Amino acid sequence: MNSYFKGLQDQFYQAFIDGDSPRYLLYLNGLKIAYMVMIGALVLGVAIGVVLAVIRTSADQQKKGKRTWWLTLLNVFAKVYVTVIRGTPMMVQLLIMGFVVFENSRQLVLIAILALGINSGAYVSEIIRSGIQSINPGQMEAGRSLGMKYSTVMRKIIIPQAIKNILPALGNEMITLFKDTSLVTVIGLADLTKVAIQIQARTYQALMPFVGIAIIYLINVLILTWILGKMERRLAASDRS
Amino acid sequence: MIEVKDLHKYFGELQVLKGITETIKDAEVVCVVGPSGSGKSTFLRCLNLLEDPTEGEIILDGEVINSKEADINKIRQKMGMVFQSFNLFPNMNTLENVMLAPVQTGKMKRDEAKEKAKELLTRVGLADKFEVYPSSLSGGQQQRAAIARALAMEPEVMLFDEPTSALDPEMVGEVLDVMKSLAEEGMTMVIVTHEMGFAREVADRIFFIDEGIIMEQGTPTELFDHTKTERAKNFFSKIL
C-alpha cells in the first residue's frame, strides 16, 4: 500500500515537476493558450453572431411586397452558414481549417480562434436571435415612431436589451468554448490537452497528466461560472434600482 | 393638417378598416372612440405608418406619406406617438429616453437635447426623476415621460393610443392633465380613448368608429347629446 502511494507521488513528480524546466510551466502555458483561444473565439463568435442575428431578424421582419433583394440574399447565406456549422463536427471544422484552408500557415492560435469563433458564431447567432425576439415589439415601434432608423433602434435599444437577457446563455457558450479548446490539439497547437498528451508520451504515464488536466479544466470552469454568476446578479440589481 | 382618403386596411383576409375619409385640421383635438376591435387603434397606427395602409392615401402637409417615395423617418419625426403600454426604453434612464431620438436623428446636439429633455420632463412633472430608470417609475410617471419623449422631437401632431388604459385609476388624471395642457397650447392631437369625460371636455371633434368606418362624427355635444346612429347610442349607453 505504502509503495502504491509512493508510486503515485513519483508519478505526480514526473507529470508536473520533472523535466528540463519544471513541467507545470508547460501546463500553465497550455492553459494560457486555452484562454487566448477561448477569448478570441468568444469575441469573434459574438461579433459574427450579432451580424447573423440582425440579418436573420431584419429579413424576417420585412414586409411583404417590400423585400430588398440583398437582404434576402444575406439571409439565405446566414441560414446556410448556421446549417453547415451546426451540422458538422467541430473537430472536422478544425481539421479543415488547419490542414485545408490554412495549410501552409503556422499561426496556430489564430487558426484555432478562427475555427472556434466561426463555429461559435453560428450558435451565438441563434442565442441572440432568440434574445431579439424576446424583446417586446413595442420597443421597436416606439423607437421607429420617433423617426429613428431601423438600424439605430436595433443598435441603441433592441440589441442592448437582448444581450442582457441572453447573458446566461452567452455565459454557457463561453464555458462550452473553454472546454472545446481541448479540440485544437488536432491542429498541433500546444494547448492544455496537447501538453498532457506530450507529457504522457514522455513519461509513459497517463493517470496524472489526464486526470490532472481534467481537474485544471474543472477548476477553471468553476471560476468562470462564479464570475458569470456575479455579473448576472449585478445586472439584475441594476434592473431594480 | 392630416388628410385621410379612402383608407382601407386588411390583416390577411380580415378587413379592419373599410374606407375612412377625414381631414384633421391644425391645432384640432380629435378623440377617437368606439368598441374594441372596431379598428380605432389601427386607424391611429396607420396615420404614422406603424401599419401600412392597404389602400387609400394619408396626406400630411400636402405630402402623400404612404407613397413609396416618402421618407418614412422624416415623416414620423413630425408625428409623436404615445402608446398604451408606454414603451419606454428600460435600458436607459428617463433623461436618456427623452434625449435619444433628437440626438440619433441629428435634430439636436447632445447638450441641446439634454436641456430640451430636462425642460420637457420638468413640464410633465418629472423634474426629480431625470436619473431614474423606467422600472422604478409608476405607470402614470412612465406615461408622462413617454409624452415628454414624443415631444422632444417637436412634432406637429401627437397621436395617443389609449394612453390611460393601462393605468391605475388614480394615475389617469395626471396623464390627462398633461394632455389637456398640450391641447390648450394648440397641439394637433388624435387620441384613441375610453375616457368620455376627457373627450367631452377637450375634444374639438369626436370620431365614433365601428366596424372599420367612422359611423358618426361631430363635436362632443353633437355626438354625446344628439347622437344620431343606433350603434353609437347603444355604445354610449353602455359606457356613459
Side-chain angles (χ1 to χ4, degrees), chain A residues 46 50 53-54 57-71 128 131-168 170 231-241, chain B residues 10 12 44-45 47-52 54 66 68 71-93 96-107 131-136 142 145-146 149-155 157-161 166:
Chain A
V46 169
V50 168
V54 169
T57 30
S58 47
D60 286 348
Q61 284 171 356
Q62 286 187 100
K63 286 177 184 155
K64 258 189 223 151
K66 279 195 175 177
R67 292 184 206 280
T68 26
W69 63 270
W70 54 268
L71 194 54
I128 294 181
I132 291 174
Q133 281 166 350
S134 74
I135 305 298
N136 184 335
Q139 291 286 308
M140 178 53 85
E141 287 187 348
R144 295 305 306 274
S145 79
L146 290 162
M148 288 187 281
K149 286 185 295 208
Y150 179 91
S151 56
T152 310
V153 182
M154 266 294 176
R155 205 158 39 84
K156 290 286 174 182
I157 300 164
I158 309 292
I159 303 270
Q161 290 183 58
I163 295 275
K164 191 168 162 179
N165 286 356
I166 60 174
L167 217 64
L170 274 185
M231 277 171 63
E232 262 171 54
R233 276 193 295 280
R234 182 168 298 174
L235 273 176
S238 80
D239 249 352
R240 284 191 294 271
S241 71
Chain B
Y10 289 81
L44 191 78
R45 290 163 61 84
L47 293 183
N48 74 345
L49 304 180
L50 282 184
E51 303 293 349
D52 256 346
T54 317
N66 58 327
K68 277 215 166 70
D71 180 347
I72 194 166
N73 294 324
K74 280 273 174 293
I75 291 156
R76 282 177 177 150
Q77 290 171 23
K78 298 190 208 170
M79 292 201 267
M81 177 125 181
V82 175
F83 299 86
Q84 180 176 354
S85 48
F86 330 131
N87 294 343
L88 287 177
F89 308 132
N91 54 329
M92 305 174 185
N93 66 31
E96 290 163 341
N97 260 279
V98 180
M99 288 168 60
L100 182 71
V103 172
Q104 291 300 324
T105 55
K107 187 179 172 68
E131 309 288 332
V132 175
Y133 281 78
S135 54
S136 33
Q142 287 193 48
R149 180 178 67 178
L151 290 174
M153 291 302 291
E154 300 174 335
V157 183
M158 284 286 281
L159 310 175
F160 293 85
D161 189 2

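Fair warning: this is a prediction, and the values are worked out from it, not measured in the lab. Reminder, nothing fancy here: chain letters follow the sequence lines and each chain counts from 1.
Side chain of A/Gln139 to backbone of B/Leu88: a donor-acceptor contact under 3.5 angstrom is found.
Only the backbone of B/Met79 comes within contact range of chain A, with at least one heavy atom under 4.5 Å from a heavy atom of that chain. For chain B, the nearby parts of A/Ser145 are the backbone and the side chain; heavy atoms of each come within less than 4.5 Å.
Considering only heavy-atom pairs separated by less than 4.5 Å from chain A, the leading option among B/Arg45, B/Lys107, B/Lys78, B/Met81 is B/Arg45.
Considering every non-hydrogen atom in both B/Phe89 and A/Ala142, the closest pair reads CE2-CB, 4.0 Å. Residue A/Lys156 comes nearest to B/Gln104 through the heavy atom pair CE-NE2, 3.2 Å, listed as atom of the first residue, atom of the second, then distance.
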| field | From CA spacing to verdict: side chain to side chain contact (heavy atoms under 4.5 Å, CB included), A/Leu146, B/Leu100 | value | CA-CA 9 Å; A/Leu146 290 162; B/Leu100 182 71; over 6 Å; no
| How far apart are the C-alpha atoms of B/Thr105 and A/Met148, what are their side-chain angles, what is the distance that settles it, and do they pass the side chain to side chain contact (heavy atoms under 4.5 Å, CB included) test? | CA-CA 6 Å; B/Thr105 55; A/Met148 288 187 281; 4.0 Å; yes
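Between B/Leu49 and A/Arg144, the closest side-chain pair of non-hydrogen atoms is not below 4.5 Å.
In this structure, the separation between CG on B/Asn91 and CD on A/Gln161 is 4.5 Å, given to the nearest 0.5 Å.
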